[in-house]
Chemist: 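Please find one structure pasted underneath; my questions will follow.
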Amino acid sequence: MKLRFLGKNSTPGDSPTLYASDRDSYVVQGWKVYANDLLMRLDVPQGQTVIEVPHELFEHLTKDGHATGKIKSFTTPIMLITEQGTCILQGPEMHDPEALSQMRMPDYETCIEVPKSSITALLEENSGPDHPGPA
């Protein structure tokens, strides 16, 4: 899998990053979620993992042709919004060696692969609830 870097929201030691892939998907790199109170609220199937990213990370979607990166619909793959306003995402953990070789990822981070359609749906207005509520 080939990745195209879209952007990152970085502070020293932290590096949530967004990539577009050549498989009509996005790869989202974020902090591994270990907090039991969060994990207990989710049903995480085998092969999937949970990450946390700042919602501002999605502003980099404009570099993939979207007019905006503002999240308007907090639905899957976003599972929860924390009290700090970060997004808890769930999806298949990335294991593709070619993709991983293109990334720099500290031990406390991992990444998930999400279909582009799932991410772009987050940019559309939804008549449902505003978001899944603070975690």
Side-chain angles (χ1 to χ4, degrees):
M1 171 192 306
K2 301 269 189 241
L3 298 179
R4 183 169 46 88
F5 174 81
L6 296 178
K8 66 188 327 175
N9 288 69
S10 200
T11 58
D14 293 326
S15 54
T17 309
L18 182 63
Y19 301 89
S21 82
D22 62 352
R23 296 197 316 203
D24 202 32
S25 64
Y26 289 110
V27 174
V28 185
Q29 176 183 333
W31 306 295
K32 294 177 184 177
V33 174
Y34 294 106
N36 282 338
D37 60 326
L38 294 176
L39 293 173
M40 286 175 45
R41 294 173 61 184
L42 303 172
D43 179 23
V44 184
Q46 182 79 18
Q48 292 205 356
T49 193
V50 180
I51 62 172
E52 181 177 359
V53 300
H55 67 87
E56 295 90 358
L57 181 65
F58 298 104
E59 293 172 3
H60 298 293
L61 290 169
T62 58
K63 298 171 188 156
D64 198 40
H66 298 282
T68 180
K70 182 173 172 49
I71 302 296
K72 297 178 183 175
S73 176
F74 291 85
T75 58
T76 303
I78 296 177
M79 306 307 289
L80 301 167
I81 304 299
T82 68
E83 291 177 4
Q84 297 77 29
T86 58
C87 300
I88 304 297
L89 286 83
Q90 179 176 314
E93 187 167 10
M94 169 65 61
H95 294 289
D96 183 282
E98 182 183 14
L100 292 171
S101 73
Q102 298 169 65
M103 306 169 77
R104 291 191 354 210
M105 193 164 24
D107 290 343
Y108 55 87
E109 292 184 357
T110 192
C111 57
I112 62 173
E113 182 179 10
V114 183
K116 280 191 175 185
S117 59
S118 295
I119 296 292
T120 56
L122 302 174
L123 307 177
E124 300 169 2
E125 293 289 343
N126 183 352
S127 58
D130 289 345
H131 57 76

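Computed from a predicted structure; not experimentally measured.
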Chemist: Report the distance from atom OG1 of Thr68 to atom CD of Glu59, rounding to the nearest 0.5 Å.
Modeler: 7.5 Å
Chemist: Within a strict 4.5 Å, meaning less than it, do heavy atoms of the Thr76 and Ser118 side chains meet?
Modeler: no
Chemist: Could you tell me if the side chain of Glu124 sits less than 4.5 Å from the side chain of Lys72, heavy atoms only?
Modeler: no
Chemist: Under the salt bridge (Lys or Arg N to Asp or Glu O under 4.0 Å) rule, what pairs show up with a residue in residues 113-123, not counting sequence neighbours?
Modeler: Arg23-Glu113, Asp64-Lys116
Chemist: So, Thr82 versus Gln84: side-chain donor-acceptor pair below 3.5 Å or not?
Modeler: yes
Chemist: Heavy atoms only: give me the nearest Val114-Pro77 pair and the separation to one decimal.
Modeler: CG1-CG, 3.7 Å
Chemist: Are any of the side-chain heavy atoms of Leu42 and Leu80 separated by less than 4.5 Å?
Modeler: yes
Chemist: State whether the side chain of Lys63 and the backbone N or O of Leu6 hold a donor-acceptor pair below 3.5 Å, judged by distance alone.
Modeler: yes
Chemist: Which heavy atom of Ile81 sits nearest to which heavy atom of Cys87, and what is that distance?
Modeler: CD1-SG, 3.9 Å
Chemist: Does some side-chain heavy atom of Pro54 sit less than 4.5 Å from a side-chain heavy atom of Trp31?
Modeler: yes
Chemist: Apart from Met94 itself, what residues make up its hydrophobic cluster when side-chain heavy atoms of I, L, V, M, F, W and Y under 4.5 Å apart count as a link, directly or indirectly?
Modeler: Met1, Leu3, Phe5, Tyr19, Val27, Leu100, Met103, Met105
Chemist: Looking at CG of Leu123 and CG of Leu61, how far apart are the two atoms once the value is rounded to the nearest 0.5 Å?
Modeler: 5.5 Å
Chemist: Only one of His55, His60, Glu56 clears side chain to side chain donor-acceptor pair (under 3.5 Å) with Asn9; which?
Modeler: His60
Chemist: Are any side-chain N or O atoms of Ser117 and backbone N or O atoms of Pro115, one a donor and one an acceptor, separated by less than 3.5 Å?
Modeler: no
Chemist: Once side-chain contact (heavy atoms from CB on, under 4.5 Å) is applied, do any residues pair with Pro45, and if so which ones, sequence neighbours excluded?
Modeler: Gln48, Gln90
Chemist: Please find the pair of heavy atoms, one from Glu109 and one from Pro16, that lie closest to each other, and give the distance.
Modeler: OE2-N, 4.0 Å
Chemist: Checking Val44 against Thr49 for the side chain to side chain contact (heavy atoms under 4.5 Å, CB included) test, could you report, in this order, the C-alpha distance in whole Å, the side-chain angles of both residues, the deciding distance, and whether it holds?
Modeler: CA-CA 7 Å; Val44 184; Thr49 193; 5.8 Å; no
